[in-house]
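FYI, the numbering just counts along the sequence from 1.
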Amino acid sequence: SMKAAVEKRSRQITLARHALSSDFIVPYYQPKVKLTSGSVAGFEALLRWRHPTQGVQMPATISAAFEDLEL
């Protein structure tokens, strides 16, 4: 199981490097709404990235990259 974890982490970091170098990272902006009034209080940026064949991917597919200080 340790080998599988290391391989998964390595794959995620490789994907993240490729996504960054290929300019595949895309921010999605989501409004933050006040429940009491329904007015927009601001926005939050969500990270997504476009895989060339699999479409828009969630950050979990490259989550190891967020722990890699070098990347």
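Listed by first and then second residue, the salt bridge (charged side-chain N to carboxylate O under 4.0 Å, His left out) pairs involving residues 43-60 amount to none (not counting sequence neighbours). Within the structure, ring-ring contact (aromatic ring centres under 6.0 Å, His included) contacts touching residues 6-35 (residues at least two apart or in different chains) are H18-F24. The salt bridge (charged side-chain N to carboxylate O under 4.0 Å, His left out) contacts involving residues 18-29 comprise nothing, where partners must be two or more places apart or lie in separate chains. Here salt bridge (charged side-chain N to carboxylate O under 4.0 Å, His left out) pairs that include residues 12-22, with residues two or more places apart or in two chains, are R17-E70.
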Please output the side-chain donor-acceptor pairs of residues 51-62 that fall under 3.5 Å, not counting sequence neighbours, one pair per line with the distance.
{"unit_1": "H51", "atom_1": "ND1", "unit_2": "T53", "atom_2": "N", "d": "3.1"}
{"unit_1": "H51", "atom_1": "ND1", "unit_2": "T53", "atom_2": "OG1", "d": "3.2"}
{"unit_1": "H51", "atom_1": "ND1", "unit_2": "Q54", "atom_2": "N", "d": "3.1"}
{"unit_1": "Q57", "atom_1": "NE2", "unit_2": "Q54", "atom_2": "O", "d": "3.2"}
{"unit_1": "Q57", "atom_1": "NE2", "unit_2": "G55", "atom_2": "O", "d": "3.4"}
{"unit_1": "T61", "atom_1": "OG1", "unit_2": "W49", "atom_2": "NE1", "d": "2.9"}
{"unit_1": "T61", "atom_1": "OG1", "unit_2": "M58", "atom_2": "O", "d": "2.8"}

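With sequence neighbours left out, the salt bridge (Lys or Arg N to Asp or Glu O under 4.0 Å) criterion links K34 to no other residue. Residues forming a side-chain contact (heavy atoms from CB on, under 4.5 Å) with V6 (at least two apart in sequence, or on another chain): none. For S63, the side-chain hydrogen bond (donor to acceptor under 3.5 Å, both in side chains) criterion is met by Q12, not counting sequence neighbours. Qualifying salt bridge (Lys or Arg N to Asp or Glu O under 4.0 Å) partners for R11, counting only residues two or more places apart in sequence or in other chains: none. When the side-chain hydrogen bond (donor to acceptor under 3.5 Å, both in side chains) test is applied to T36, no partner is found at least two apart in sequence or on another chain. R9 is linked by a salt bridge (Lys or Arg N to Asp or Glu O under 4.0 Å) to E67, counting only residues two or more places apart in sequence or in another chain. For S21, the side-chain hydrogen bond (donor to acceptor under 3.5 Å, both in side chains) test picks out no residue, with sequence neighbours left out.
In this structure, V26 is not a member of the same hydrophobic cluster as F43, with clusters built from ILVMFWY side-chain heavy atoms closer than 4.5 Å.
Minimum interatomic distance between A64 and I13 (heavy atoms only, all atoms of both residues): CB-CG1, 4.0 Å.
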